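Keep in mind that this is a model prediction, so the values were computed, not measured.
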Amino acid sequence: MSIEVRLPDDSLRQLAEGATGADLAGGIGARLLDAALAIRVNGRMVDLNTPLVNGTKVEIVTSKAPESLELIRHSTAHLLAHAVKRLYPQARVGIGPVIEDGFFYDFWVDKPFTPEDLPFIEAEMRKIVAEGVEVVREDLGRDAAVARFQAAGEPLKVEIVSSIPQGEIVSGYRQGDFYDLCRGPHVPSTAKLKAFKLLSIAGAYWRGDEKNQMLSRIYGTAFHTQKELDEHLKRLEEAKTRDHRKLGKELGLYSFHPEAPASPFFHPKGTTVYNELVAYMRALYFKYGYSEVITPQILDVDLWKTSGHYENYADNMYFTTAEEREYAVKPMNCPGHCIMFGSQKHSYRELPIRYADFGRLHRFERSGVTHGLTRVRTFCQDDAHIYCTTEQIKTEMADFLALLKEVYDTFGFEGMRVALSTRPEKRLGSDEIWDAAEGALAEALDEAGMPYTLNPGEGAFYGPKIEFQILDALKRPWQLGTLQVDYMMPERFDLTYTRPDGGEGRPIMLHRAILGSLERFMGILVEHTAGAFPAWLAPVQVAILPITDRAHAFAGEAAARAKAQGFRVDLDLRNESLKAKIRDAQLAKVPYMLVIGDREAEAGNVSVRHRHRGDLGVQALDDFLATLAAEVRLRQR
RNA sequence: GCCCACAUAGCUCAGUGGUAGAGCACUUCCUUGGUAAGGAAGAGGUCACCGGUUCGAGACCGGUUGUGGGCUCCA
């Protein structure tokens with residue numbers, strides 16, 4: 001008896017009954033067998049050593065297939081666990097999945113691993129690779145699997161397997177003396193794993209629940225070749241050099257101090273960028289029909305009880321008492337806006353009313369969750385609340401999307417992804433209201449033709465939210481914008497407007513932000529631009545570099561003229577060489593350097609150097625200023 | 001909050017129990033130069049904080065605070 005399988009080029013191949021993918025690959029060529037990692041049967045990836053079935057379509061998966069990277073990472077995770085079990089037999093294994101850019105494996109150990117352990121574990125992994133241990137799939141009945149893990153002293157695995165319905169087959173893989181629960185597929189031998197590196201250690205809760213025990217997690221990554229691995233490690237280094245915490249210090253933008261944990265101090269240069277961002281948003285608010293408001297920082301706790309924050313958000317709030325009256329520092333602007341809206345009578349003719357607020361917010365974030373500028377305890381959102389009717393939600397949504405796209409385009413963010421977060425467990429309001437709110441957002445997204453993913457249970461306590469995610473220059477995702485629909489606050493604050501028929505209507509409230517928070521946005525922007533802000537945002541737009549003292553007079557005049565036109569100028573009169581001045585301006589990422597020597601001073605010219613484009617030659621000062629003015633006005637990147 | 005690591009000059013970092021160091025930055029002097037560091041001198045530290053061990057602690061131990069890598073959480 002023989003079987004026949006179809007290859008991707010539609011050719012048929014005869015094989016003996018019971019032949020595997022490996023036999024198929026070997027029959028085609030020894031080099032293919034060597035490169036083979038798995039096979040794809042009728043589109044589904046399975047182990048290379050899976051027996052072939054007559055009449056199926058079979059494809060040999062080698063390192064050329066994009067999904068093979070996941071395969072070797074998964075197998076490398078098993079390799080890691082195998083090595084750990086050899087070195088630390090008392091370690092009990094958790095789970096070891098593939099993640100973006102690599103994998104991890106969790107271990108339950110008495111003493112957590114330390115970074116010094118990694119080279120030893122890695123060496124043991126290489127030893128297992130050198131041994132070329134065969135990786136074999138071994139399926140077991142559920143009860144047999146439970147018994148096997150119980151005998152092996154693996155309580156975490158027992159817990160997982162026990163949750164699988166009885167009678168089901170549990171797949172697992174054995175490599176030498178190491179057996180692991182796993183769906184597979186895997187590479188046929190540890191010899192196939194050639195380029196991997198263990199990267200870091202971290203604590204992680206079992207099953208991601210902080211009530212469970214803490215496991216010791218080892219992160220690593222794997223690639224097909226050492227060259228690819230090296231390139232990846234180089235990219236990680238590149239990301240490190242762009243770290244906004246490092247660049248912020250180097251460029252003198254902001255700093256952090258123990259006196260105010262997780263709260264940035266914006267230095268003059270950082271404040272310039274910050275204020276330019278606010279000015280930009282203000283200009284757009286004018287264009288899009290928003291009105292800016294200013295509301296108090298500290299408000300009576302009763303307000304927060306009305307808004308529901310006291311009940312649902314108190315853990316994240318700061319409280320203070322004065323004259324025996326209790327207050328809270330605002331973590332959000334919305335309740336203040338509701339007070340303002342409710343303080344006047346409104347006609348349907350006024351709606352939508354759009355209140356924008358750059359108020360400072362304070363949220364108590366648990367120590368350990370803060371991170372540079374991207375997670376702080378005091379920040380300011382490009383926040384606005386739109387009071388409108390149900391019918392107006394769609395046009396408001398469309399206008400908001402237009403505004404959002406305009407902003408992200410200005411900064412060069414691409415690859416926007418959208419997620420809809422629905423009702424969380426801890427929430428206000430009835431299911432009917434949530435149905436309406438979630439429905440409104442979903443419908444608006446559908447109408448805008450925007451594909452989105454669902455984040456069940458991730459909404460805010462007062463309403464569902466749409467979250468907008470972009471990719472930065474290093475293709476890393478960031479959540480920036482948000483749009484939330486809220487039926488709750490208007491209800492709780494009893495907000496009304498007069499309808500055309502003279503009756504009272506209840507407005508809907510939309511919460512929205514585009515940059516998210518100015519703080520986080522600046523951090524992201526620093527990493528996106530590597531600190532080289534576009535000219536319109538740069539803290540110093542022009543550095544004026546006289547070569548000798550003789551040029552100081554004209555350099556001073558040039559600086560004065562540039563300043564008169566509103567440019568941010570740094571006049572470098574230090575007794576340093578031109579080379580040194582250029583170097584310092586380059587390191588400060590100043591967009592334009594104007595070199596002024598005797599020749600330029602005499603003719604009223606400047607020699608223009610751009611931080612990226614280099615020497616741009618000599619031109620009249622006024623011509624340069626006119627060009628720069630256009631670049632800044634258009635907010636060119 | 002939890003697990004682990006780290007904390008020395010403004011910055012980046014050396015310093016394995018016996019007198020506190022380097023480079024850069026800063027100040028002064030010399031140098032007046034043409035597109036990424038000219039030269040010299042000087043000044044600068046309660047080694048995060050509190051306690052312990054020791055004849056002696058920047059170093060060893062415990063605690064606190066802050067920061068970092070993660071987990072949980074999140075703009």
Side-chain angles (χ1 to χ4, degrees), chain A residues 104 106 109 111-117 199-219 240 243 245-246 249-250 252 255-262 313 315-316 331-332 361 363-383 421 424 458 460 465 467-468 478-482 484 511 513-521 523-524 543 545-552 574-588 593-600 607-611 614-618:
Chain A
F104 66 77
D106 286 343
V109 283
K111 202 180 144 295
F113 294 114
T114 67
E116 290 75 52
D117 297 329
L199 297 171
S200 60
I201 307 274
Y205 297 108
W206 169 237
R207 299 198 145 179
D209 188 334
E210 63 181 324
K211 288 183 203 73
N212 287 340
Q213 68 267 42
M214 180 71 73
L215 307 178
S216 188
R217 173 173 295 180
I218 298 178
Y219 283 95
K240 253 189 226 165
D243 189 311
R245 293 164 303 190
K246 180 172 136 65
K249 202 186 306 190
E250 285 172 8
S255 59
F256 291 88
H257 303 277
E259 290 81 357
Y313 208 73
D315 288 351
N316 287 291
M332 298 183 193
L361 308 178
R363 297 185 188 174
F364 175 75
E365 301 289 352
R366 298 199 291 176
S367 60
V369 311
T370 59
H371 178 97
L373 280 181
T374 58
R375 190 81 181 275
V376 291
R377 286 183 177 157
T378 172
F379 60 103
C380 159
Q381 294 179 313
D382 58 323
D383 197 14
S421 296
E458 302 282 315
K465 55 186 182 184
E467 290 172 337
F468 299 90
W478 295 99
Q479 198 235 299
L480 298 179
T482 180
Q484 307 168 12
H511 306 241
I514 294 169
L515 305 180
S517 85
L518 271 304
E519 282 74 8
R520 168 182 285 182
F521 189 79
I524 292 165
L545 314 178
I547 299 173
T548 69
D549 296 357
R550 294 186 301 279
H552 280 195
R574 291 176 306 158
N575 181 9
E576 288 290 350
S577 65
L578 177 63
K579 278 173 188 281
K581 290 181 181 182
I582 286 177
R583 182 182 144 87
D584 289 344
Q586 283 286 152
L587 291 176
M593 287 151 259
L594 302 184
V595 175
I596 298 178
D598 292 334
R599 297 197 292 270
E600 289 81 5
S607 175
V608 183
R609 178 188 164 97
H610 184 266
R611 65 183 167 202
D615 193 345
L616 301 182
V618 175

Q: Could you check which of U32(B), U35(B), C3(B) has an atom nearest any side-chain atom of Met214(A)?
A: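 The nucleotide sitting nearest to the side chain is C3(B).
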Q: Considering only heavy atoms and no angle criterion, is a donor-acceptor pair shorter than 3.5 Å present between the side chain of Arg550(A) and the base of U32(B)?
A: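 Counting by modelled atom types and ignoring angles, no donor-acceptor contact under 3.5 Å is found here.
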Q: What's Gly372(A) touching, base or sugar-phosphate or nothing? Going by heavy atoms closer than 4.0 Å.
A: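 Counting heavy atoms under 4.0 Å across all strands, the contact made by Gly372(A) is with sugar-phosphate only.
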Q: Counting any heavy atom closer than 4.0 Å, what does Leu515(A) reach on the DNA or RNA strands: base, sugar-phosphate only, or nothing?
A: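 The answer is nothing, as Leu515(A) stays clear of every strand by at least 4.0 Å.
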Q: When you measure only distances, ignoring hydrogens and angles, does the side chain of Arg520(A) come within 3.5 Å of the base of A75(B) through a donor and an acceptor?
A: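 When only heavy-atom distances are counted, Arg520(A) does not reach the base of A75(B) through any donor-acceptor pair under 3.5 Å.
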Q: Applying a 4.0 Å non-hydrogen cut-off, can you work out what Ala551(A) is touching in the nucleic acid: base, sugar-phosphate, or nothing?
A: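 No contact.
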Q: Does C3(B) have its OP1 or OP2 closer than 4.0 Å to a side-chain nitrogen or oxygen of Ser216(A)?
A: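 No.
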Q: Who is the Watson-Crick or G-U wobble partner of G51(B), with both distances under 3.5 Å?
A: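 Partner of G51(B): C61(B).
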Q: Please report the distance separating the C1' of G45(B) from the corresponding atom of A9(B), rounded so that it comes out in whole Å.
A: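 The same atom, C1', in both gives a distance of 6 Å.
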Q: Between the base of G34(B) and the side chain of Glu600(A), is there a donor-acceptor distance below 3.5 Å?
A: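 Side chain to base: pair found, below 3.5 Å.
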Q: Here's a test for you: under side chain to side chain contact (heavy atoms under 4.5 Å, CB included), which of Ile547(A), Leu594(A), Asp615(A) qualifies with Ser607(A)?
A: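 For Ser607(A), the side chain to side chain contact (heavy atoms under 4.5 Å, CB included) check succeeds only for Asp615(A).
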Q: Would the distance check show the side chain of Gln586(A) and the main-chain N or O of Arg611(A) forming a donor-acceptor pair, the cut-off being under 3.5 Å?
A: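 Yes: the side chain of Gln586(A) pairs with the backbone of Arg611(A).
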Q: What contact category does His371(A) fall into here, base, sugar-phosphate, or nothing, at under 4.0 angstrom with non-hydrogen atoms?
A: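 Since only primed, P, OP1 and OP2 atoms lie under 4.0 Å of His371(A), the category is sugar-phosphate.
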Q: If A40(B) has a Watson-Crick or G-U wobble mate with both distances under 3.5 Å, name it; if not, just say none.
A: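 A40(B) is paired with U28(B).
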Q: If the C1' atom of G21(B) is compared with that of G58(B), how far apart are they to the nearest Å?
A: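 Roughly 12 Å separates the two C1' atoms.
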Q: Counting any heavy atom closer than 4.0 Å, what does Gly597(A) reach on the DNA or RNA strands: base, sugar-phosphate only, or nothing?
A: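 Gly597(A): base contact, heavy atoms under 4.0 Å.
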Q: Can a side chain N or O of Arg245(A) be found less than 4.0 Å away from OP1 or OP2 on G69(B)?
A: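 The answer is yes; a side-chain N or O of Arg245(A) sits under 4.0 Å from OP1 or OP2.
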Q: Looking only at side-chain atoms of Thr548(A), point me to the closest of C26(B), G33(B), G34(B).
A: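 Shortest atom-to-atom distance from the side chain points to G33(B).
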Q: So, Arg375(A) side chain and Thr370(A) main chain: donor-acceptor pair closer than 3.5 Å or not?
A: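 Pair absent, no side-chain N/O of Arg375(A) close to backbone of Thr370(A).
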Q: Pick the C1' atom in C29(B) and in G34(B), then give their distance to the nearest Å.
A: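 Straight-line distance between the two C1' atoms is 25 Å.
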Q: Among C71(B), U67(B), A75(B), which nucleotide has an atom closest to any side-chain atom of Ala204(A)?
A: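 Of C71(B), U67(B), A75(B), C71(B) is nearest to the side chain of Ala204(A).
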Q: Quickly work out the Leu545(A) CG to A37(B) P distance and round it to whole Å.
A: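 It works out to 14 Å between those atoms.
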Q: Hey, does the side chain of Thr378(A) reach the backbone of Leu361(A) with a donor-acceptor pair shorter than 3.5 angstrom?
A: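 Judged by distance alone, yes, a pair lies under 3.5 Å.
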Q: Mapping Pro258(A) and Thr114(A) onto RNA chain B by nearest heavy atom, which one lands closer to the 5' end?
A: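 That would be Thr114(A).
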Q: Can you identify which nucleotide, out of U35(B), A75(B), C3(B), has its nearest atom closest to the Ser607(A) side chain?
A: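 Within the option list, the nearest is U35(B).
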Q: Does the distance from a Lys or Arg side-chain N to an Asp or Glu carboxylate O, for Arg245(A) and Asp243(A), drop under 4.0 Å?
A: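 A salt bridge is present here (some side-chain N lies under 4.0 Å from a carboxylate O).
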Q: Choosing from C26(B), U32(B), U72(B), which nucleotide comes nearest the side chain of Asp549(A)?
A: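 It is U32(B).
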Q: Looking only at atom P, what distance separates G56(B) and C71(B), rounded to whole Å?
A: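 Result for the P pair: 46 Å, nearest Å.
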Q: Heavy atoms under 4.0 Å, any strand shown: does Arg609(A) hit a base, just sugar-phosphate, or nothing?
A: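 Base, at least one base atom sits under 4.0 Å.
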Q: For Arg366(A) and C73(B), give me the distance from atom CZ to atom P, rounded to whole Å.
A: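 Interatomic distance, CZ of Arg366(A) to P of C73(B): 9 Å.
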Q: Whole angstroms only, please: what is the CZ-C1' distance between Phe364(A) and C74(B)?
A: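 My rounded result for the distance is 14 Å.
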Q: To the nearest angstrom, how far is Arg377(A) atom CZ from U65(B) atom P?
A: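 Checked: the CZ to P distance equals 11 Å.
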Q: The test is side-chain contact (heavy atoms from CB on, under 4.5 Å); show your working for Arg377(A) and Arg363(A) and say whether it passes.
A: CA-CA 5 Å; Arg377(A) 286 183 177 157; Arg363(A) 297 185 188 174; over 6 Å; no
Q: Would you mind reading off the distance between Glu250(A) atom CD and C24(B) atom P, rounded to a whole angstrom?
A: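 It works out to 17 Å between those atoms.
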Q: C1' atom, G23(B) versus A14(B): distance in rounded Å?
A: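 So the two C1' atoms sit 11 Å from each other.
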Q: Which nucleotide wins on minimum distance to the side chain of Ala202(A), given the candidates G69(B), C11(B), A75(B)?
A: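 The answer is G69(B), which lies nearest to the side chain.
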Q: On a whole-Å scale, what distance lies between the P atoms belonging to G62(B) and C6(B)?
A: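 Going atom to atom, P in each nucleotide, I get 12 Å.
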Q: Between U16(B) and C60(B), how many Å separate the two C1' atoms, rounded to a whole number?
A: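 That atom pair is separated by 10 Å.
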Q: Strictly below 4.0 Å, N to O, side chains only: are Glu210(A) and Arg366(A) in salt-bridge contact?
A: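 Yes.
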Q: Which of these nucleotides, G70(B), A37(B), C26(B), is closest to any side-chain atom of Ser577(A)?
A: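 The answer is A37(B), which lies nearest to the side chain.
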Q: Under a 3.5 Å cut-off for both contacts, is C13(B) paired Watson-Crick or G-U wobble with anything, and if yes, with which nucleotide?
A: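 Pairing partner: G21(B).
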Q: With respect to the phosphate group of A75(B), does any side-chain polar atom (N or O) of His511(A) fall under 4.0 Å of OP1 or OP2?
A: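 So the side-chain polar atoms of His511(A) never come under 4.0 Å of the phosphate oxygens OP1 or OP2 of A75(B).
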Q: Regarding C73(B), can its base be found pairing with the side chain of Arg375(A) as donor and acceptor, where the two atoms are less than 3.5 Å apart?
A: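 Under the 3.5 Å cut-off, the side chain and the base do form a donor-acceptor pair.
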Q: Strictly below 4.0 Å: does Lys465(A) bring a side-chain N or O up to OP1 or OP2 of A75(B)?
A: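 Result: yes.
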Q: Of all the choices, G34(B), G1(B), U12(B), which nucleotide is nearest to the side chain of Arg599(A) once you look at every atom?
A: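 Looking only at side-chain atoms, Arg599(A) lies closest to G34(B).
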Q: Tell me the interatomic distance from Leu361(A), atom CG, to A75(B), atom C1', rounded to whole angstroms.
A: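 Interatomic distance, CG of Leu361(A) to C1' of A75(B): 9 Å.
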Q: Under 3.5 Å, is there a donor-acceptor pair between the side chain of Asp382(A) and the main chain of Leu515(A)?
A: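 Yes.
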Q: Base, sugar-phosphate or nothing for Ala513(A)? Non-hydrogen atoms, less than 4.0 Å.
A: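 Nothing: the residue Ala513(A), judged by heavy atoms under 4.0 Å, touches no strand.
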Q: Over all strands shown, is Gln586(A) touching base, sugar-phosphate only, or nothing at heavy-atom distances under 4.0 angstrom?
A: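 Base: the residue Gln586(A), judged by heavy atoms under 4.0 Å, touches a nucleobase.
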Q: Give none if G68(B) has no partner; otherwise give the nucleotide forming a Watson-Crick or G-U wobble pair with it, both distances under 3.5 Å.
A: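 Partner of G68(B): C4(B).
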Q: How do Ile201(A) and Lys249(A) order along RNA chain B: which one's closest nucleotide is nearer the 5' end?
A: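 Whichever sits nearer the 5' end wins; that is Lys249(A).
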Q: To the nearest angstrom, how far is Glu576(A) atom CD from A40(B) atom P?
A: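 Glu576(A) atom CD is separated from A40(B) atom P by 13 Å.
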Q: Record whether the side chain of Tyr205(A) comes under 3.5 Å of the base of G1(B) through a donor-acceptor pair of N or O atoms.
A: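 Pair found.
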Q: Got a donor-acceptor contact below 3.5 angstrom from the Glu519(A) side chain to the Cys380(A) backbone?
A: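 Yes: the side chain of Glu519(A) pairs with the backbone of Cys380(A).
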Q: A48(B) C1' sits how many Å from Glu259(A) CD, rounded?
A: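 Roughly 11 Å, once rounded to whole Å.
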Q: Which whole number of Å gives the distance between the C1' atom of U53(B) and that of A37(B)?
A: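 Rounded to whole Å, the distance is 48 Å.
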Q: So if I take every side-chain heavy atom of Tyr219(A) and compare against G34(B), U72(B), C71(B), which nucleotide ends up nearest?
A: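 Closest nucleotide to the Tyr219(A) side chain: C71(B).
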Q: Would you mind telling me which of A75(B), G66(B), C4(B) lies closest to the side-chain atoms of Glu365(A)?
A: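 The closest nucleotide is A75(B).
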Q: Identify whether any heavy atom of Asp598(A) sits under 4.0 Å from a base atom; if not, whether one sits that close to sugar-phosphate; answer base, sugar-phosphate or nothing.
A: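 The answer is base, as Asp598(A) lies within the cut-off (heavy atoms under 4.0 Å) of a base atom.
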Q: Using only atom types and a distance under 3.5 Å, with no angle test, would you say the side chain of Lys581(A) pairs donor to acceptor with the backbone of Pro546(A)?
A: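 Present.
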